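Since this is a predicted model, take the numbers as computed values, not measurements. Side chains are part of it too, since the values below use all heavy atoms of this structure and drop only hydrogens, waters and symmetry mates. Start at 1 and go down the list; that is how both ligands and their atoms are numbered.
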Amino acid sequence: MGVNVGGVELAVEEHGAGMPVVLLHGFPLSSRMWEAIVPALTQVGRVVTVDLRGFGDSEAPQSGYSMDALAGDVMGVAAALHLDRWVLAGHSMGGYVALRVAARWPERLAGLMLVDTRAEPDDAAGRQRREQAMARLRGGERGAFLDEFVANLVAAGARQRAPRLLEELRSMAEAVPVHVLIACLEGMRDRPDSRGLLPTLAVPTLVLVGEEDSITPPGTARAMAEALPKGRLVVIPEAGHTPPLERPVATAEAMLAFLAGEVLGAGT
Ligand code: MLT
């Protein structure tokens, strides 16, 4: 279904009933990345997937791609669906957005699931890599950029083991217009440091990461889980940066156990 947020039509899907669990995808993907996980999560809640502006089936306006602007879109979706308190899950860039929601509207969250993401901002080298990527995209190298980016999203072994997975990731990326890729790289480059936020977050938080994630590695995830008062770390073996696609069963089990035990079990 389409949800209009501030004049922008966002593609949103809902499945199941109960505690709302909102899933945000990473860059340059779409809500399709959660497809294999959604049926399992409906066992415990009402699962809401959102294509962030510019991605999947959502509209792609020229602006509004800072992490805070995307967080505002998420709140617009929550308002349209009359969500009061919910669990928010974000993969990678979706995690940066989730952390902005947590910073500004912590009272609205019953739980957080941070999937292959990080709290620290880009360092100087990271900012430089973003600049180089933006320059390549402006120079017309979209195809080559996406090929390289997508290859890094999965564990090295998966590139041989599961070539269809790369095709699936590439097809999601293919749908993203170049102005959205550039604006999101800029938005990620300029995102704030969320490390100071972590000790203030009172909600149960699952920090999930692929054992072979080279973009947001397990060490980063461990530090994040340790800084969270109610953080729980789960490392998914034989997965890189996209465990929901690479290891959907193990990922769904970890999410379900967290939701059933630490969110719903806590009576929230
Ligand atoms: C993502 O997967 O969303 C991005 O790789 C995150 C990033 O580039 O920082």
Does any N or O atom in [X] lie less than 3.5 angstrom from one in ligand 1, N or O only?
X    : result
F27  : yes
G94  : no
H241 : yes

Taking [atom] as the reference point, the nearest protein heavy atom with its distance:
atom                   : result
atom 5 (O) of ligand 1 : F149 CZ, 3.2 Å
atom 9 (O) of ligand 1 : Y96 OH, 2.5 Å
atom 8 (O) of ligand 1 : R130 NH1, 2.8 Å
atom 6 (C) of ligand 1 : S92 OG, 3.0 Å

Checking side chain to side chain contact (heavy atoms under 4.5 Å, CB included) for the pair R46/E14: CA distance, chi angles, key distance, verdict? CA-CA 7 Å; R46 170 183 172 196; E14 285 191 85; 2.5 Å; yes

Where ligand 1 meets [X] - atom numbers and elements under 4.0 angstrom, heavy-atom basis:
X    : result
G26  : 3 (O)
M93  : 1 (C), 3 (O)
M188 : 6 (C), 7 (C), 8 (O), 9 (O)

Hydrogens and angles aside, do D51 and S31 bring a side-chain donor and acceptor to less than 3.5 Å of each other? yes

Does the structure place the NZ or CZ of R191 under 6.0 Å from the centre of the six-membered ring of Y96, at an angle of no more than 45° from the ring's axis? yes

Does [X] come within less than 4.0 Å of [Y], counting only side-chain N to carboxylate O?
X    : Y    : value
E174 : R170 : yes
E262 : R232 : yes
R129 : D122 : no

Show your reasoning for whether side chain to side chain contact (heavy atoms under 4.5 Å, CB included) applies to L41 and L23. CA-CA 11 Å; L41 297 189; L23 305 179; 4.2 Å; yes

